[in-house]
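Treat the numbers as computed from the prediction; the structure is a model and nothing was measured.
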Amino acid sequence: MRLTTDNKFKKLIVIGDRVLIRPAKPNERTETGLYLPPGVGEREKVQQGYVIKTGPGYAIPLPVEDESWKSSEEQVKYVPLQAKEGDLAIFLLSGATEVLYENDKYYIVPQSAILMLEREEDI
C-alpha cells in the first residue's frame, strides 16, 4: 500500500530511524496441507511485512561551538534510511513494537531490527 493524499496514514509522522510496517498475512497451511490455528505464525522470531511509512533517518548532531557568522536557525540534517515505502521487510519481532491503529495491527520497527528488504524496482 502506497502513501497517498487520501488514505489514513497521511496524518502519521514516524520519528527518527523507525519504520511503520503492516504485517503480511501468515500462511494458513503447512506444506503438507494441514491448517494451522490462528496465532501460530505470530510466535515466530522473524516476521515479514510491508513498509507503510518511514522516519527521516538518523539525526546528524550539530557542532557545539557558537559561530557569529552562522544563522541561529540551522536545519537538522539526517542520514536517510534504506527502507522505502512499499518494500517487503523481514525483521526481528523482538525489536518491534506492536501497535493498533484504527483496528489494524502494525509494527513500529527500528531500522537496526530489519534484516532484509525486498524491493520491486530494478537494481
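Considering all non-hydrogen atoms of both residues, G95 and P110 come closest at O-CD, 3.2 Å. Between A83 and V19, the shortest heavy-atom contact is CB-CG2, 4.2 Å. Minimum heavy-atom separation, Y78 to G57: CD2-O, 3.6 Å.
With rounding to the nearest 0.5 Å, the separation of CD1 in I13 from CG in L20 is 12.5 Å. A distance of 11.0 Å separates CD of E98 from CD1 of I108, quoted to the nearest 0.5 Å. In this structure, T54 OG1 and E85 CD are separated by 7.0 Å, a value rounded to the nearest 0.5 Å.
Counting only heavy atoms from C-beta outward, the side chains of L81 and D17 approach each other to under 4.5 Å. Here the side chains of L92 and L115 are in contact, with some heavy-atom distance below 4.5 Å. Residues K45 and S94 form no side-chain contact, since every pair of their non-hydrogen atoms from C-beta on lies 4.5 Å or further apart. At least one side-chain heavy atom of Y58 sits less than 4.5 Å from a side-chain heavy atom of Q111. Y107 is listed as a side-chain neighbour of F91, based on a closest heavy-atom distance under 4.5 Å. D104 is not listed as a side-chain neighbour of R22, based on a closest heavy-atom distance of 4.5 Å or more. Between D87 and V51, the closest side-chain pair of non-hydrogen atoms falls below 4.5 Å. With a 4.5 Å cut-off on side-chain heavy atoms, I114 and V109 count as touching.
Looking only at distances, no side-chain donor or acceptor of Q47 sits under 3.5 Å from a matching main-chain atom of I90.
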